[in-house]
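Some notes on the structure that comes next.
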Amino acid sequence: MLDNLTQRLAKVVKTIRGEARLTETNTAEMLREVRLALLEADVALPVVKSFIGKVREKAVGKEVMDSLSPGQALVGVVQQELSQIMGADLGEKASQLNFATQPPAIILMAGLQGVGKTTTVGKLARYLKQEKKKKVLTVSTDVYRPAAIKQLETVSGQSGVDFYGSDASEPIQIAKAALDHAKRHFYDVLIVDTAGRLGIDEQMMQEISGLHKTLSPIETLFVVDAMLGQDAINVAKSFNDALPLTGIVLTKLDGDSRGGAALSVRHITGKPVKFVGVSEKLDGLEEFDPVRMANRILG
Ligand code: GDP
């Protein structure tokens, strides 16, 4: 088991007990431990550097109250800063889906293949139906993988929502037909699953950005796998450059990962994490909680 941050800092702090404020010197050693903890949590290196810089700025010169050791005081600064970056200061609204549009509210899903996009569509459909009482339609524009379309049909059925099947061979045609169907049958929400690729490629980005232009979705969610680790920032950057994302879904948080990708992706895109995936099952979707995420990353 890895030590958590408080335990790590406690080891360093023995030497500097009794100091009344956080200084350049006592902070530097402790920040090395914070840096290590973040790297172990798989936060991307440039993000770690920027975060450490911010914490140093806020910490140095801070009075350590009588009851607190310098270690505890620094943990406090780190936790607060991390929770804030994760979205605590944006308020609860940041993690809510936006429905302020003429129905159907369109949710476009983006992300690489295998990250859990289709499963997340099923989870989201179930959540919107059960928790938000929405009438939901799903559609897949993955014309390259018939199995992916079938998978969406299956999870939609399991979630008790309708699935739009199409014989069209072109993603934009399928999306337009689904939107037309959703309008005519008074659906509240249309969730559009898109083709993923194993890596970023130009054609994939052009295709999804074309879908975005056609549909003008109110939500464009970037789905990313918590296990992606250091690579998460490159993938997030490509999607964020190609599409006006409105939020992030971090999947597979039930694995071993500490979830450092959440911090990396939040930092790179500036967009709020809205949901986390916590199991393979369709009830395994939770609304994002920034403070809990910060604590998890810190171990
Ligand atoms: P897609 O290619 O992005 O559409 O990915 P899929 O939805 O097909 O999911 C890929 C694999 O990840 C499947 O085996 C899913 O069951 C699994 N998966 C998706 N979300 C989660 C999650 O939150 N936790 C776990 N443990 N597995 C997940």
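Order of appearance sets the numbers: ligands from 1, and atoms from 1 within every ligand. We use all heavy atoms of the structure for the numbers below, so side chains are in, but hydrogens, waters and symmetry mates are not. We're numbering straight along the sequence, starting at 1.
- Results of the side chain to side chain donor-acceptor pair (under 3.5 Å) test with K237 over N234, D241, N240 single out D241 as the only residue that passes.
- Between F275 and Y127, the ring-plane angle classifies as perpendicular under the 30° and 60° cut-offs.
- Of the possible polar contacts, one joining the E219 side chain to the N98 backbone as a donor-acceptor pair under 3.5 Å is found.
- Between K183 and D180 there is no salt bridge, since none of the side-chain N atoms of the basic residue sits less than 4.0 Å from a carboxylate O of the acidic one.
- Using a distance-only test at 3.5 Å, with no hydrogens or angles considered, a donor-acceptor pair links the side chain of H185 to the main chain of H181.
- No side-chain donor from either of D254 and S279 sits under 3.5 Å from a side-chain acceptor of the other.
- Near ligand 1, heavy-atom contacts under 4.0 Å come from L112, Q113, G114, V115, G116, K117, T118, T119, K123, R145, Q151, K252, D254, G277, V278, S279, E280.
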